[in-house]
Amino acid sequence: MNCRFNEWDIEEYLIYDTEKDCPVSSTAELMLGAGRLSCGNDVFCREGTVQAGLLAQSISKGEATTDDLELLREVIEIVHANADCEMARSAAKQALWLLDEYPDVWEQHVTRKLCPMLACKALYTVHADPAKCTGCGACTAVCPQGAIRGGEGLIHIIDNDKCDRCGACIAVCPESAIIKAGSVKPKTPDEPVPAGTFEGGGRRKRRGRA
Ligand code: SF4
Ligand code: SF4
């Protein structure tokens, strides 16, 4: 099998948006992406990339320990130093940069199970902000998991056990009311209530005459 390095759009991985990209999930995608395109001739490219990608993926899911983080660095350094393949070396070089540049972010994923970028799907939740939701229903119409409850004019509620973080609701909400949350969750009603009436949200119920 021939090397498929030319098919690999490395630029896609090298452009790193510090505002929204997460070094952990980026490393997982980068290493697993290289592993998928490996021709298999070089063991560091064939197996080292995948091993590193799976380790980064477990960190991204909040399932890893500090030992796993150390092991990840070791695997990436081995790939970087030993791979015959340019694709594997390039991926490892970028991954090492992500490890060195954002040590605190890696640490938070491992020790606090938090993704400060709110990019790792297992480490954030999604909520309709009761202060902004007008009950238009656009989100329920696009949710593939049936994870959103509500009704016309009601504040909608997202069941995060059903939600797979596809982001479709965030994209369609005309009020930009759907937000991601890490350790601090917004206060939301237990059941759908008329928009604008939830006292715990930002928008207060009107009292008396307008
Ligand atoms: S799309 Fe936005 S405003 Fe409309 S019901 Fe859903 S959360 Fe509320
Ligand atoms: S992120 Fe996707 S699955 Fe989750 S509530 Fe929104 S549309 Fe549904």
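In each ligand, atom 1 is the first atom listed, and ligand 1 is the first ligand listed.
Ligand 1 places these atoms under 4.0 Å from at least one heavy atom of G135: 5 (S), 8 (Fe). The distance from ligand 2 to the heavy atoms of R165 drops below 4.0 Å at these ligand atoms: 1 (S), 4 (Fe). Close approach to I148 involves these atoms of ligand 2, each under 4.0 Å from a residue heavy atom: 5 (S). Taking every non-hydrogen atom of G167 and a distance limit under 4.0 Å, the qualifying atoms of ligand 2 come out as 1 (S), 2 (Fe). Every atom of ligand 2 with a heavy atom of C163 under 4.0 Å away is listed here by number and element: 1 (S), 3 (S), 4 (Fe), 5 (S).
Checking V50, T27, L72, L69 one by one against L55, the side chain to side chain contact (heavy atoms under 4.5 Å, CB included) holds for a single residue, L72.
Distance from atom 2 (Fe) of ligand 2 to its nearest protein heavy atom, with residue and atom name: C166 SG, 2.3 Å. Ranking protein heavy atoms by distance to atom 3 (S) of ligand 2, first place goes to D164 OD1, 3.3 Å.
A salt bridge (Lys or Arg N to Asp or Glu O under 4.0 Å) check over residues 134-162, counting only residues at least two apart or in different chains, returns the pairs R149-E191. Residue pairs meeting the salt bridge (Lys or Arg N to Asp or Glu O under 4.0 Å) criterion with at least one partner in residues 43-65, sequence neighbours excluded, do not occur; the list is empty. For residues 115-128, the side-chain hydrogen bond (donor to acceptor under 3.5 Å, both in side chains) pairs, not counting sequence neighbours, are T125-H127, T125-K185.
Interatomic distance, R36 CZ to E29 CD, rounded to the nearest 0.5 Å: 8.5 Å. With rounding to the nearest 0.5 Å, the separation of CD in Q51 from CD1 in I78 is 8.5 Å.
Counting only distance, with no hydrogens or angles, the side chain of D21 and the backbone of D17 share a donor-acceptor pair below 3.5 Å.
Ligand 2 is never approached by V142 to a heavy-atom distance shorter than 4.0 Å. Remark: distances from the non-hydrogen atoms of G137 to ligand 1 include one below 4.0 Å.
At a threshold of 4.0 Å, the pair R89-D42 does not count as salt-bridged, since none of the basic side-chain nitrogens sits closer than that to a carboxylate oxygen.
With a 4.0 Å cut-off on non-hydrogen atoms, I158 touches ligand 2 through its side chain and not its backbone. Residue contacts with ligand 2 for K162 are absent, since no atom lies close enough (heavy atoms, distance under 4.0 Å).
Annotation for A64 and I59: closest pair CB-CG1, 3.4 Å, computed over non-hydrogen atoms. In terms of heavy atoms, P189 sits closest to I155 at CG-CG2, 4.0 Å. Minimum interatomic distance between V79 and A92 (heavy atoms only, all atoms of both residues): CG1-CB, 4.0 Å. Scanning both residues, C139 and H156, for their nearest heavy atoms gives SG-CD2, 3.8 Å.
Taking backbone and side chain together, C143 holds no N, O or S atom under 2.8 Å from atom 2 (Fe) of ligand 2.
Near atom 2 (Fe) of ligand 1, less than 2.8 Å away, sit the protein N, O or S atoms C173 SG.
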